[in-house]
Structure formats: structure tokens, C-alpha cells
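First up is the structure itself, then whatever we jot down about it.
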Amino acid sequence: MGIVLFGLSVGSMAGVVGSGRLVRRVSTRPVIMVGIALVITGVLVIAVGSSAGAALIVFSGLVFVGIGSGLGEVALNIDAAALEKLLKRSVLPTLHGCYSLGTLVGAILGISLTAAQFPVVWHLVLSSIVMAGLGLWAILSIPGGTGASSPDFGSRFGLTTARRKRSVWLQPTVLVLGLVVLAVAFAEGSANDWLPLLMVDGFGLTGAQSSTIFAAFAAVMTIGRFAGQPLIQRLGKSRVLIGSVVLAAIGVVVVSVAATPALTVGGVVLWGLGASLGFPVGISAAGDSSDRPGQRVSAVTTVGYLAFLVGPPVLGFLGERYGLREAILLVAAVLACATLILVTNDTYVSVREKRKARVTR
């Protein structure tokens, strides 16, 4: 299972790594359109693979889905960062909440159709039709030109794109936020990939029960992200980021050591709440700059996606050897490292937040 999921990881990294450059060349809208098309193609390939019982075909479909998701996600985050500057308020958590809402809807449909013994192939085909309709409707409202590069100081003086990109990657803010987003993405991706199986193997629950717990995780993620905007306005991005990472770490540990299913559900709730805001707040903080915000968002997103590359197979192999309950402690350890990075480094705090803190003192 870990190897099959690795197809999604490989595709995602390929899409993320290439997305920033494509956006700078053609803007966000065409990249999002191609991403949607690849996701739909991948889901249809997975439908074929599942009907044939061919793991290699499913792997290939997941590669397509990953490339499309990676391309689209970076471009959408660049659009969202530009929207925040226009509105002068944080909207990334709400937009990521829509992503979680889609996950929740998908989980509920999956539970219902599985219970009704609806054919998987037709489930995926119908999902592709719905995605195509929604994608076509949405793309018409996305403005053109966002994120496209124009000749700047660096290009006039002969600096190459690679050199300018390296300077963005070496910014302390990008490094700190990238590592934190990686940790939170690892926590979120681990739940997406392994939580249902963890409930079955680790606690002896049925498939329907484990899927219901995963749906609860998706619901908590959705609620947390939609509630994020007022929370950020009240506490600031730095405090919300630290709180999110700590809460997610506590939740993962509770799930790992819980003695009863009820306690496990409590851990899943904490896990979901903590993971809900870390990624969008980290991306939003990366865009808080007049110095190439699109490239900063792209860089931080790319580092975060490393978690999706290494997470599924690593947890799969560790789970096979030690058990999934023990394997997810690695997620808690990574989150603990991210917490240490945040509390010992304030380079990620925006100038506006630092001024507010000084006024408060």
C-alpha cells in the first residue's frame, strides 16, 4: 500500500517543483487548468486499474493525480496570497477549509457508496464528471496574469533565474516556514493516508467505523480552517502557528497510546484541529512580503510537499515492522522539532505582528 501511495507522492513533488516556474512563465490560471485536467485523467486511470485489479495502473493514475494536484495547489496558493494582499486580511485558512470540505464530502460519499456496494469504477467516473463541471465553472472566475514574472532589477543586471531562486530559498523566513509546513503536512498527510487502516489494524474497528473516524478527522479539519480567520485576527499568525503544531503533536501521541476507542477519537480531534491551520497559516506568512511573494509561497509549498513524498512509504514500512500505532510517533517527533524551531526563531513573524507586540508591551 505504501508503494502504491508513493505514486501520489512522486507525482505531487513533480507538480510542485515545476509549478512555480510555469506560473512565472504563463501565470496561475493556465497552470490550474492543466492541474484540474490531470487530476481528472488520473482518477479515470485509477478507475481502470481498480476494475482490472492492477496495482501498477493504479500507481500510474495516482502519479497523474499527484502532478495535477501539485501544479494546481502551488498556483492556487499564489492566487490566494495575492488575494490576501488585495483584501488586507487572511483568507488562506478559509480557502484551505474548502479543500477539507471536499475531503469530508468525499469521505461521506465513500462510506455511503461502499455500504451500498456501489461499483468503485462508476464511483470514480461520476466523481470525474462532477470535478470537470466544478473545475470549468471555477476557472472562469480566476483572473489571468497573476504570478507571471516581468523583467526586474535582477534580469536587467544579468542575474539568472536560478540565482534569484536560490536567494529566495536561502531567506531565513522561507527556511523556517518551509520546515514547519513540512511537519504539519506530514501530520495531515499521515492521517489522510493511514488513519482508516490504523483504526482497523491498531484498534480492531470495522472498515465502516474506521472510515467514520476519518470523516470526523476531515470534519474537524474543515471546522478548524473555517474558524481560522477570526483566530488569526485575534492572536496573530505566529501564536496560531505554534499552537497548531503543539496541538497536532499532542493529538498524534494520544492516538498512539490510547487504550480505548473513545480516547482515540479525542486524539483524532486534537490531531485534526492542530493540522488544520498549520499549512495555510504557514503559506500565508510566506506571502507576507513585497519581495517576490509568489516565489516564497512556491518555495514553502515545495518544502511542505516533501512530507507527501516521504511520508506514505516511510510510515508504511515502519508500520509493517512495528505497527502503525508505534509508527505514527515519528509524526509527533517531527512536530516536536517544528515546535522547537518556532519558539527559538522569530524570523517568520511579520513586521506588522512585531510592531503590534511592541505596542502591547
Side-chain angles (χ1 to χ4, degrees), residues 4-5 7-16 18-20 22-23 25-52 54 56-80 83 91-92 94-114 116-147 189 192-193 211 214-215 218 221-222 225 301 305 308:
V4 171
L5 288 172
L8 183 64
S9 304
V10 171
S12 297
M13 277 308 301
V16 167
S19 184
L22 285 173
V23 167
R25 192 169 283 190
V26 300
S27 81
T28 57
R29 184 175 176 177
V31 176
I32 294 170
M33 291 174 64
V34 172
I36 293 172
L38 287 173
V39 169
I40 294 170
T41 301
V43 171
L44 292 174
V45 172
I46 293 169
V48 173
S50 64
S51 65
L56 182 59
I57 296 178
V58 175
F59 175 91
S60 302
L62 286 170
V63 171
F64 279 112
V65 172
I67 294 173
S69 299
L71 287 172
E73 178 148 346
V74 173
L76 284 166
N77 278 313
I78 291 172
D79 263 326
L83 185 61
V91 296
L92 260 160
T94 302
L95 297 178
H96 278 250
C98 295
Y99 170 87
S100 296
L101 182 61
T103 305
L104 176 61
V105 172
I108 293 173
L109 283 174
I111 294 168
S112 304
L113 295 177
T114 300
Q117 297 185 335
F118 191 81
V120 173
V121 174
W122 286 109
H123 173 191
L124 296 178
V125 169
L126 292 173
S127 296
S128 298
I129 294 172
V130 172
M131 285 189 287
L134 288 174
L136 181 62
W137 170 78
I139 203 71
L140 296 175
S141 299
I142 297 177
T146 305
N192 290 337
D193 292 333
S211 296
F214 175 71
M221 288 278 294
T222 304
R225 284 175 168 171
T301 305
Y305 255 86
F308 295 112

**Asked** Do other residues, nucleotides or ligands put more than 12 heavy atoms under 6.0 Å from the CZ atom of F214?
**Response** yes
**Item:** Closest heavy-atom pair and its distance - S19, V31
**Value:** OG-CG1, 3.8 Å
**Prompt:** Would you say the side-chain atoms of T114 pair up with the backbone N or O of G110, donor to acceptor, closer than 3.5 Å?
**Reply:** yes
**Prompt:** Can you find a pair of side-chain heavy atoms, one from V48 and one from L44, that are under 4.5 Å apart?
**Reply:** no
**Message:** If you define the side chain from C-beta out and look only at heavy atoms, does anything of I139 sit under 4.5 Å from I142?
**Reply:** yes
**Fill in**
So OG1 of T146 and CD1 of I32: to nearest 0.5 Å the spacing works out to 8.5 Å
**Fill in**
When rounded to the nearest 0.5 Å, the distance separating CG of L83 from CD1 of I78 is 13.5 Å
**Prompt:** Is a donor on one side and an acceptor on the other found under 3.5 Å between the side chain of S50 and the backbone of A47?
**Reply:** yes
**Prompt:** So, do F118 and L126 sit near enough that their side-chain heavy atoms are less than 4.5 Å apart?
**Reply:** yes
**Prompt:** With a 4.5 Å heavy-atom cut-off, do R29 and L140 have their side chains touching?
**Reply:** yes
**Asked** CG of L8 to CZ of F64: how many Å apart, nearest 0.5 Å?
**Response** 13.5 Å
**Request:** Specify the closest pair of heavy atoms between V91 and A80, including all atoms of both residues, with the distance to one decimal.
**Result:** CG2-O, 4.3 Å
**Asked** Would you say the side-chain atoms of S51 pair up with the backbone N or O of V121, donor to acceptor, closer than 3.5 Å?
**Response** no
**Asked** Looking only at heavy atoms, which two atoms of A215 and L104 are closest? And how far apart?
**Response** O-CD1, 3.3 Å
**Message:** Let me confirm one number: the OG-CD1 distance from S211 to I108, rounded to the nearest 0.5 Å.
**Reply:** 11.5 Å
**Asked** So, do Y99 and R225 sit near enough that their side-chain heavy atoms are less than 4.5 Å apart?
**Response** yes
**Request:** Report the residue from T41, V39, L38, V16 that forms a side-chain contact (heavy atoms from CB on, under 4.5 Å) with I67.
**Result:** L38
**Test item: L62 and V4 side chains (from C-beta on) under 4.5 Å apart, heavy atoms** = yes
**Message:** Could you report the tightest heavy-atom contact between G49 and V58, atom names first, then the distance?
**Reply:** C-CG2, 3.7 Å
**Which atom of T28 lies closest to which atom of P143, heavy atoms considered** = OG1-O, 4.4 Å
Review item, side-chain donor-acceptor pairs of residues 129-138, under 3.5 Å, at least two apart:
none

**Prompt:** In Å, rounded to the nearest 0.5 Å, how long is the span from OG of S100 to CG of L95?
**Reply:** 11.5 Å
